Amino acid sequence: MREYSDSDIQVLEGLEAVKKRPGMYIGSTGEKGLHHLVWEIVDNAVDEALAGFCDDIEVIIEKNNIIQVRDDGRGIPTGINEKTGLSTVETIFTVLHAGGKFGGEGYKISGGLHGVGASVVNALSSWVEVKIYQNGNVYYQKFENGGHATEDIKIIDKCSPERTGTTVRFKANPEIFQETTSYNYDILANRLREIAFLNKDLRIILVDEREEEKRNQFIYEGGIVEYVQLLNKNKKGIHDDIIYIEGTEDNVIMEIAMQYNDTYNSSVYSFANNINTYEGGSHEEGVKRALTRVINKYAKTAKFIKDNDDGLLGEDVREGLTMIISCKHPNPQFEGQTKTKLGNVEVRKISDDIFSEGLERFLLENPDQAKIIIEKCLIASRARVAAKKARELTIRKGGLDLSSQLGKLTDCISKDPTNTEMFIVEGDSAAGPAKQGRDSETQAVMPIRGKILNVEKSRLDRVLGNEEIRSLISAFGTGIGDEFDINKLRYNKIIIMTDADVDGSHIRTLLLTFFYRYFKPLIEKGHIYAAQPPLYCISHGKTKKYVINEKERDEYLSTLPENTKYDIGRMKGLGEMDAIELRETTMHKDTRQLVKIHLDDAIAADETFQILMGEDVEPRRKFIEENAIYVKNLDV
Ligand code: TTJ
C-alpha cells in the first residue's frame, strides 16, 4: 500500500461521499444502479468513439459478475495531471467529476445522471483494474476497497506499437449492492444495441461468460435509419424510403429518420447525447413544429388542400409515423421529473431549421411519396373529426359513466382513492380465487377476457367501442382523451395480475401499451403496477412454499434440513392456486411483491410490441419467448 499524501486524503473524502449516498450518484443501489456502473464506464468509450478515435467497444460479463469494458481508442493519457499531481488515470478514477476536464479537448458528450464519472464506479466497487495500450507499452493501475490506488501507474508489459486502447475491469461491491450484483444480459444488450443504432458504424460486442457463452455484435451502417426499419419491420411502410435528414449548426448535430406506416399511432422517440429523452424537449419540439408546418405548406402549394381550409394538426401529421430524433449537444441541459427532457432553448430553432429544410427537399424531390404521405395525413384529419363526434356521442349516451359500463368489476367497499387498489386479472379461472382472496375493503377485481384489443391497430373511436376497454376506463373514473382528469382516479394502485407465462406477458404488454398510449400520466405518477405471481411451488410433507424466482427457490431449499424429500413444480397459472394461496403470495399487502411500472418499461413494451406486430401469431409468440427482453425483465 502506498503512503497517503494530502491529495490522497482529499480524494478519499470525495469517494466517501459517494459511498455514503450512492443513490445521489447512480440513482439507486438496486438492479438499475448496478447496471448504471456499466454505463458510466461505457460512456467514456463511446465518447472516444464520438471524438472519432475508436470504432470497437467490447463489454464482457466475466464469471463472478466482473465487468470488462475495452475500447480501441487512443487510451487514457498515462502521464501526471498537473492540477492533482496524480496520474491522469488516478485522477479520472478518484476525483469526482474529473471526466473530460483532464482528457484534453475532444467532443465531450455526456448527459443526465451519466457522466458523473469513473470515480463513482471506483468508489462503489471492490476493485477496479485499468490497462492502457499506448506507444508499445501496457500501462496498469489498480484500485481497491472502494477507491484506494494500490500503487502508482506502471508499465507491466510490451505490446505492438499499433495497438492502442483502454480496458477497465471492475467488480461491484456486494456490500453496497446488497439486492443483487448479478447483471442482466438483456438489459445490457438492449442499451448497447440502442447505442449502436445511435452511432452508426460503431461496433459493440457483448459477451456473457458466466454460464453457456452468449454473444451479440451490434453494428449498424445505417444508424437510426436501421432503427426505424426495425420498428416498422412488421408494419407496412406506406412509402418507399425511410427519410433521413442530418445537419449541424452551432456544434449541435441533428439526425432524424422517419417513415409512415399503416397504423394509427405515432412512435416518435428522441435522444440527446445517446440518452432517451422520454420527456421530449427542445429537439423534439423543433422537429414536430417543423413537420406540421412543412406538411401543411406542401399540401397547400401542391393543392391537396385549399388555402382557406382548416390546416392539418400535429396529431394528423404524426398518425402512423415512426420517427427517431437524435441530437448531440456539447453542453446538454437535462430537465424534467426524470431528467430526460432536453432543455437547451436554442435547439428548438436549430432542429426546426435543419429538419424543415431537409423534409421540404425530400417532398419536392419525391412527389410520388409526398402524395402518399399527404393523403395519409388528410385521412387522419378526417378520422379525427369523426372520432371526436363518436366520443361525444358515447359520452352523451352515458357510455363512460360509472353505473352502466363497469362490466365484471367486483368493486371494493372503501371509496377512498388513496388506499384502494384494482387488480386487472386475466381469465375467469383466476378471477374466482382473486375475488375470494382479496381484501374486500380496499381491493377491487376486474377480470378481462384473454387478449384485450390491440390499441396499436385502432383509432380512438374503435378503442372506445371495445367493451373490455370501456369497463376499464369506467372503473378508473378518470375519463379519457380531452376529458382525462387524474383527480378523479378511483384507485391508488392499478395492478396488472397475469400468469407467469408467455400469454401472461403478452397480455401485460397489451395492457402496458394501452396505458402508455392513453393513460400516460397514470404511469408517470406511479399508479400502475405488475403483480408477481410465484413461479415455483416447493412441497415437502404438508408444507407448500411458493417462490417468485430461481434465487428465492434456491435460498429456500438451502434452509431445508438434509434428506428432506421435496417436490418442485413450475407454476403454470394463477388459477392453480386457491384463494388463500393467491392472497398470501400475490395479493396481500404485507406478503406480496409488486413491481412499479415506469415510463421506460411502458415505452419498452410499446416498442417491443411494434416489433411484434406481425400478422402471424406463431412467430410472434416465438419472438416473445426468445426476445421480449423488457417483458422478461418485468418477470424478474
Ligand atoms: C482523452 O484525450 C487524449 C487521448 O485520450 C482520450 C481519452 O481519455 N480516451 C479514452 C478514455 N478512451 N477510452 C477511455 C476510457 C475507456 C474506458 C472503458 C473507461 C474510461 C474511464 C475511459
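Both ligands and their constituent atoms are indexed starting at 1 by order of listing. All residue numbers in this chain count up from 1 along the given sequence. Keep in mind it's a predicted model, so treat the numbers as computed, not measured.
With V121, D71, I132 as candidates, the residue nearest to atom 14 (C) of ligand 1 on a non-hydrogen basis is D71.
The side-chain hydrogen bond (donor to acceptor under 3.5 Å, both in side chains) analysis of residues 48-62, with sequence neighbours excluded, yields the pairs E48-R74, D56-R203, E62-Q68, E62-R169.
Taking a cut-off of under 4.0 Å to the non-hydrogen atoms of V69, the atoms of ligand 1 that pass are 18 (C). When each atom of ligand 1 is checked for a heavy atom of F93 under 4.0 Å away, the hits are 21 (C). Below 4.0 Å from some heavy atom of E48 lie the following atoms of ligand 1, by number and element: 6 (C), 7 (C), 9 (N), 10 (C), 12 (N).
Both tests hold for K214 against Y185: distance to the six-membered ring centre under 6.0 Å, angle to the ring axis within 45°.
Every ring pair (Phe, Tyr, Trp, His ring centres under 6.0 Å) that F515 has, sequence neighbours left out, goes to F476.
Counting heavy atoms from C-beta on, the side chains of T78 and V89 never come closer than 4.5 Å.
Ion pairing between R553 and E550 fails under the 4.0 Å rule for side-chain N and carboxylate O.
Heavy-atom distances between A51 and ligand 1 stay at or above 4.0 Å for every pair.
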